[in-house]
Amino acid sequence: MNILLKNGEQLSLEEGADCIKCAAAISEGLARNAVAAKVNGKLVDIRTPLSEGDTVEIVTLKDKEGLDVYRHTCAHVLAQAIKTVFPTCNLAIGPVIENGFYYDIDFKTPITLDDFEKIESEMAKIIKANTPIERFELPRKEALELMAKYKEKYKVELIEDLPEDAVISFYKQGSFTDLCRGPHLLSTGKIKAFKLISLTGAYWRGSEKNKMLTRIYGTAFEKKSQMEEYLAAVEEAKKRDHNKLGRELGIFMTSDVIGQGLPILMPKGAKILQILSRFVEDEEAKRGFMITKTPLMAKSDLYKISGHWDHYRDKMFVLGELDEKGESLNGEEIMALRPMTCPFQYQIYKNGLKSYRDLPCRYSETATEFRKEASGEMHGLIRVRQFTLSDGHIICTKEQVEDEFKRCLDLSYYILDCLGMRDDVTYRFSKRGASKSDKYIDNDEAWTKTEAMMKYILDDLGIDYVEADDEAAFYGPKLDVQIKNVHGKEDTLITIQIDFAAGESFEMQYIDVDGAKRTPYVIHRSSIGCYERTLAFLIEKYAGAFPLWMCPTQVKVLPITDRTKDYADKVCADLTELGIRAEVDGRNEKIGYKIREAKLDKVPYILVVGDKEAEEGTVNVNKRGVEEKTTMSKEDFENLVVREDRKKVIF
């Protein structure tokens, strides 16, 4: 039979040959390194039989898909080892993730990191045995019977969700069998380097209504040296983790008596957020946004109109008792804390008839908002229950949508540049796609038109984006500006959304040029995103050494002796008058000690003043990250720091 290779060449093989024989026909080296194959674009086991006319691509560990297969097999080795060491546990799921894998397990008795040594020892035995890995398939009924026999209740639940006529695949290695779509390596002995990294809690299927399972994270590499390099990077990432570093630097804290997902911003953190919010509000005002101040809560009536009650209620803090239909249980008024400001700002728009000449109406608010995040989802400042959003909504004509969308993106670009984060983000076109989930407004025609509109805008702007189905807002598609934390987990930093439903739902109208009443479009946007989340990423990016313009303390003045305290106070007062955040450390401590403390606080400029500086009107400048000290006149330093602050110079 003839098959077609990736490069377009034809290869003749004996009838019934599999992918490994195809690899061997190309070269012995390729056959040795092959871990899987792509047949007609689908990733399959290297042992998969081929048919006449198939297109084949051999996958090795140099390919991302190959490394994923390698790590997926290591996840199965972990599961087998755990079932050996803890035979009463139940297995849930064990997928590959970026840089590794995890397995969710229901243990009868909780385990700790101290148990990793014996689990890894058992994994090493399984790998050394070089047990062949075999795939087999069963009809749904027999698959259920097999997993019920093994008392794997989570696997049974997964199979029960599959169609009645589904053919279900399993992988067997020795006495261990696991439900899996694959593909996998030929044998366990192919794994050369692995390490269990951490464990945490995770709700079954991500729902806090389900049982909390134990999630064990691990990684695997082709070579031990690669793994050691990765683990060293992980340790470095831990040092920059905002949840650790932010607390050490006195930026934020948490309290058990206040609650999870409710961080307290300490003076340094609160000052940074104040600086950022004033900067954003001023920039938004320059670009035509009108600032609003709206309530933190509203009656359920408002959210029913907006659609949040039907599509978002599970993530809202509701004040009052509800029945199964989401109505008041005892007839009392139901209130809810706001998860976003859009329906409130729509009321402002509706306060008086609008003409086409009044559009676009651009509203913005530094808004405190609330979302009922599951306890297992929350992390430091990145995912919280109360947060501050640079929320904004543009109400405009259909013809204005493209230009307003571009203006929103331009604002976000400018802010990202000022933060030094423009090169750290990626772009995701978040669509409903083919999903028919109840979480979306049911209007196929509107979805098709609005997604096409956004795609045209993104392509016209030349944005390098990825498309993601089933990631839209319930009322329309989004451009999500994505960023990764130090551990590689991706979150949305900024979002711009086109809403096709709000205008009609809220009966918003404007008088068009021809005198007819028309319904406007709405663009939802966040210019800097959630301030707390942005602060978290700034802590990790700069390891606490923030750019000068956003530092709580920009300059620290250190008098060498009490004799120069008055001069230090004058230097500080004059800088403060110029809008620079300066402090004097007048404590009776050695100057070396005070310099070290200021450096630990990551202050951008440390000014040391002694008798000579006081007499000559100069300052000795210690610039963060620069070994060499510089003496300059007080006025020259003032001009320098003011210029760098205004231009938002990053160092």
Side-chain angles (χ1 to χ4, degrees), residues 35-36 43 59 61-82 91-106 111 113 116 119-120 123 154-155 158 171 178-185 190-207 210 212-223 226-238 240-241 243 374 376-380 382-383 424 426 428 430 466 468-471 480 482-493 536-537 540:
V35 294
L43 191 66
V59 175
L61 289 178
K62 291 181 180 178
D63 303 303
K64 182 186 181 301
E65 296 97 330
L67 197 53
D68 285 349
V69 169
Y70 184 84
R71 288 170 172 164
H72 195 182
T73 298
C74 199
H76 277 225
V77 170
L78 167 63
Q80 182 181 359
I82 286 172
L91 302 176
I93 57 170
V96 172
I97 55 175
E98 188 172 4
N99 297 319
F101 57 88
Y102 69 77
Y103 218 113
D104 286 347
I105 301 149
D106 186 359
I111 70 164
L113 293 174
F116 276 12
I119 296 171
E120 288 179 333
M123 289 175 71
Y154 297 103
K155 307 290 184 181
L158 291 171
Y171 281 81
D178 202 356
L179 171 71
C180 186
R181 69 165 62 96
H184 280 282
L185 302 176
K190 300 288 185 183
I191 298 169
K192 302 302 178 187
F194 72 91
K195 181 73 178 173
L196 300 185
I197 296 174
S198 62
L199 58 80
T200 186
Y203 290 112
W204 168 234
R205 293 192 154 183
S207 172
N210 296 330
M212 175 74 80
L213 307 178
T214 299
R215 177 170 293 177
I216 299 178
Y217 287 95
T219 193
F221 286 85
E222 181 182 7
K223 297 176 182 176
Q226 294 172 333
M227 186 173 74
E228 289 172 348
E229 185 179 334
Y230 167 74
L231 293 175
V234 168
E235 288 305 309
E236 182 61 30
K238 288 179 182 177
R240 298 174 78 97
D241 187 332
N243 208 15
E377 300 263 323
M378 290 178 287
H379 174 64
I382 288 179
R383 197 166 287 275
D424 301 332
T426 57
R428 185 181 74 187
S430 299
V466 297
D469 286 345
D470 201 23
E471 290 288 348
D480 290 325
Q482 302 293 103
I483 191 167
K484 292 181 179 179
N485 68 12
V486 289
H487 301 294
K489 185 181 183 300
E490 186 175 89
D491 277 293
T492 299
L493 187 69
F537 287 114
E540 296 186 349

Taking every heavy atom of Ala81 against every heavy atom of Ile119, the minimum-distance pair comes out as CB-O, 3.8 Å
By side chain to side chain contact (heavy atoms under 4.5 Å, CB included), Ser207 pairs with (sequence neighbours left out) Lys209, Asn210
More than 12 heavy atoms of other residues, nucleotides or ligands under 6.0 Å from CD of Glu490: is that the case? yes
For the residue pair His72 and Cys180, what are the closest heavy atoms and their distance? CE1-SG, 3.2 Å
When you compare the side chain of Ile111 with that of Ile82, does any pair of heavy atoms fall below 4.5 Å? no
How close do Gly94 and Ala75 get, counting heavy atoms only, and between which atoms? O-CB, 3.8 Å
If the condition is side chain to side chain contact (heavy atoms under 4.5 Å, CB included), which residues does Leu179 pass it with, not counting sequence neighbours? Lys155, Leu158, Ile159, Ile168, Phe170
Distance, nearest 0.5 Å, that separates CZ of Arg383 from CG of Asp491: 5.0 Å
If you compare all heavy atoms of Val35 against all heavy atoms of Gly66, which two are closest, and at what distance to 0.1 Å? CG2-CA, 3.6 Å
For the atom pair NE2 (His379) and CG (Asp241), what is the distance rounded to the nearest 0.5 Å? 4.5 Å
Lys192 NZ to Glu222 CD distance, which is reported to the nearest 0.5 Å: 10.0 Å
Glu120: what forms a side chain to side chain contact (heavy atoms under 4.5 Å, CB included) with it, not counting sequence neighbours? Phe194, Lys195, Leu196
Do Phe116 and Ile197 touch side chain to side chain, with heavy atoms closer than 4.5 Å? no
Please list, chain by chain and in numerical order, all residues satisfying salt bridge (Lys or Arg N to Asp or Glu O under 4.0 Å) with Arg205, sequence neighbours excluded. Glu157, Asp161
How many angstroms lie between atom CG of Leu61 and atom CG of Leu185, to the nearest 0.5 angstrom? 7.5 Å
Residue set satisfying side chain to side chain donor-acceptor pair (under 3.5 Å) with His184, at least two apart, ordered chain then number -> Thr73, His76
With heavy-atom distances below 4.5 Å as the criterion, would you say the side chains of His487 and Lys238 are in contact? yes
Quick check for you: to the nearest 0.5 Å, what is the distance between Ile93 atom CD1 and Arg215 atom CZ? 6.5 Å
Could you tell me which non-hydrogen atom of Ala92 sits nearest to which non-hydrogen atom of Trp204, and how far apart they are? CB-CZ3, 3.6 Å
Is it possible for you to check whether Arg71 lies under 6.0 Å from the centre of the six-membered ring of Phe101, through NZ or CZ, and within 45° of that ring's axis? no
Do Leu213 and Tyr154 make a side-chain contact, defined as non-hydrogen atoms from C-beta onward lying under 4.5 Å apart? yes
Between Tyr70 (side chain) and Ile191 (backbone), is there a donor-acceptor pair under 3.5 Å? no
Would you call Gln226 and Thr219 a side-chain contact if the rule is heavy atoms closer than 4.5 Å? no
Taking the side chain as every heavy atom from C-beta outward, state whether Val69 and Leu43 have any atom pair closer than 4.5 Å. yes
Under a 4.5 Å cut-off applied to non-hydrogen side-chain atoms, are Thr426 and Lys484 in contact? no
Tyr203 and Met212: which non-hydrogen atoms are nearest, and at how many Å? CZ-CE, 3.7 Å
Given side chains that start at C-beta, do those of Tyr102 and Leu78 come closer than 4.5 Å, heavy atoms only? no
Partner residues of Asp63 under the side chain to side chain contact (heavy atoms under 4.5 Å, CB included) criterion, sequence neighbours left out: Val59, Thr60, Glu65
Interatomic spacing from CD in Glu236 to CG in Leu231 - rounded to 0.5 Å: 13.5 Å
Only residue of Asn485, Ile483, Asn243 satisfying side-chain contact (heavy atoms from CB on, under 4.5 Å) with Glu540 is Asn485
